[in-house]
Amino acid sequence: MEILTVRNLGKIYKGMVHYEALRNINLTINQGEFVGIMGPSGSGKTTLLNMISTIDRPTSGEIRIGRDDPYQLSHKKLAIFRRRELGFVFQSFNLLSTLTVKENIVLPLTLDGVDLNEMNRRVNLFAEKLGISSILNKRTYEISGGQAQRTAIARALINQPKLLLADEPTGNLDSKAARDVMGILEKLNKEEKTTMMLVTHDPVAASYCNRVVFIKDGKLDNEIECGNNRSDFYQKIIEKLSLIGGNENESSPIRHT
Ligand SMILES: Nc1ncnc2c1ncn2[C@@H]1O[C@H](COP(=O)(O)OP(=O)(O)OP(=O)(O)O)[C@@H](O)[C@H]1O
Ligand SMILES: [Mg+2]
């Protein structure tokens with residue numbers, strides 16, 4: 001079953017100078033897939049994610065999530081749609097610092113008026129899966145980056161969304177914490193069959209996906225599938241990146257944005 005369908009998607013940023021950030025993007029993600037999006041800085045990865053997550057509007061083309069075209073929904077329905085059907089994880093965690101870990105996680109449920117017992121049941125379940133049960137009552141400034149990102153993932157998944165969208169979820173983590181977070185996403189994808197789409201610069205993070213799609217200059221360039229060997233997949237990702245220039249760890253120590 002198709003969870004995400006992107007058809008002939010285009011985005012032009014209008015300003016003093018118009019900039020065509022995406023052109024004619026076609027992409028389908030099926031139920032249960034775990035898809036990575038890679039490409040050089042400025043190639044349009046975040047733009048694509050923002051169109052899919054309905055943060056920003058496409059200039060042309062169409063997006064379907066399940067059966068819905070989010071851009072046809074009213075303002076109010078769209079807010080509910082985003083909360084119930086989509087999960088978001090960002091590089092900068094985006095947790096509320098005045099709240100505890102638990103309060104952050106249950107936020108989407110509070111907004112939906114879910115009752116307290118059900119809320120507690122779900123928090124405990126996800127906290128267990130993410131290895132953060134012992135820090136539920138801490139404030140977000142008392143926890144590590146890896147714990148903060150796992151908290152953000154719990155918050156994103158607590159509503160059991162159709163699609164989890166992540167932009168550089170390991171971008172602010174050291175390599176150990178990054179591997180832990182990716183391992184958890186991989187496990188959740190397998191066990192919960194959560195469909196996931198993640199933008200990343202990191203070939204190690206991308207190698208946890210089932211499929212990696214490469215973008216260059218706002219166009220889809222190529223895609224590769226994992227097969228049964230992760231280290232072969234990692235090698236293939238590195239090779240592709242060196243062809244399209246997306247591996248900034250290798251080509252340049254400075255990230256240009
Ligand atoms: N709000 C905006 N207005 C105008 N141009 C924009 C805007 N956002 C992005 N762009 C331009 O669109 C292009 C794609 O940007 P985008 O943020 O999607 O790249 P990216 O692939 O996510 O890059 P990075 O890897 O650095 O995060 C870039 O050239 C960028 O300068
Ligand atoms: Mg980006």
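For the single chain, residues carry numbers from 1 onward in sequence order. For ligands, and for the atoms within them, numbers begin at 1 and follow the listed sequence.
- Taking backbone and side chain together, T46 holds an N, O or S atom under 2.8 Å from the Mg ion (ligand 2).
- A donor-acceptor distance shorter than 3.5 angstrom exists from the side chain of N189 to the backbone of T194, with no hydrogens or angles considered.
- No donor-acceptor pair under 3.5 Å is formed between the side chain of N30 and the backbone N or O of E33.
- We find that D180 and K176 are joined by a salt bridge, their nearest charged nitrogen and carboxylate oxygen being less than 4.0 Å apart.
- Within a 6.0 Å sphere centred on CZ of R23, other residues, nucleotides and ligands contribute 12 heavy atoms or fewer.
- Looking at L73 and T54, their side chains never come closer than 4.5 Å, going by heavy atoms from C-beta outward.
- Listed by number with element, the atoms of ligand 1 under 4.0 Å from a non-hydrogen atom of T46 are 17 (O), 18 (O), 20 (P), 22 (O), 27 (O).
- The number of heavy-atom neighbours closer than 6.0 Å to CD of Q31, taken from other residues, nucleotides and ligands shown, is above 12.
- A heavy-atom separation below 4.0 Å is found between S43 and ligand 1.
- Those atoms of ligand 1 with a heavy atom of A21 less than 4.0 angstrom away are 12 (O).
- Judged by the shortest distance from any of its heavy atoms, K11 lies outside the 4.0 Å radius around the atoms of ligand 1.
- Ligand 1 lies out of reach of G15, whose nearest heavy atom is not under 4.0 Å from it.
- In terms of N/O distances under 3.5 Å, ligand 1 is not approached by G39.
- On a distance-only criterion, G44 and ligand 1 share at least one N/O pair closer than 3.5 Å.
- Counting atoms of ligand 1 from 1 in the listed order, those under 4.0 Å from a heavy atom of T47 are 14 (C), 15 (O), 16 (P), 18 (O).
- With respect to the salt-bridge test (charged N to carboxylate O, under 4.0 angstrom), the residues E239 and K236 do not qualify.
- In E168, neither the side chain nor the backbone holds a heavy atom less than 4.0 Å from any atom of ligand 1.
- Ligand 1 has at least one atom lying under 4.0 Å from a heavy atom of P40.
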Chi angles and distances behind the side chain to side chain contact (heavy atoms under 4.5 Å, CB included) call for V204, Y234 = CA-CA 7 Å; V204 176; Y234 173 76; 3.7 Å; yes
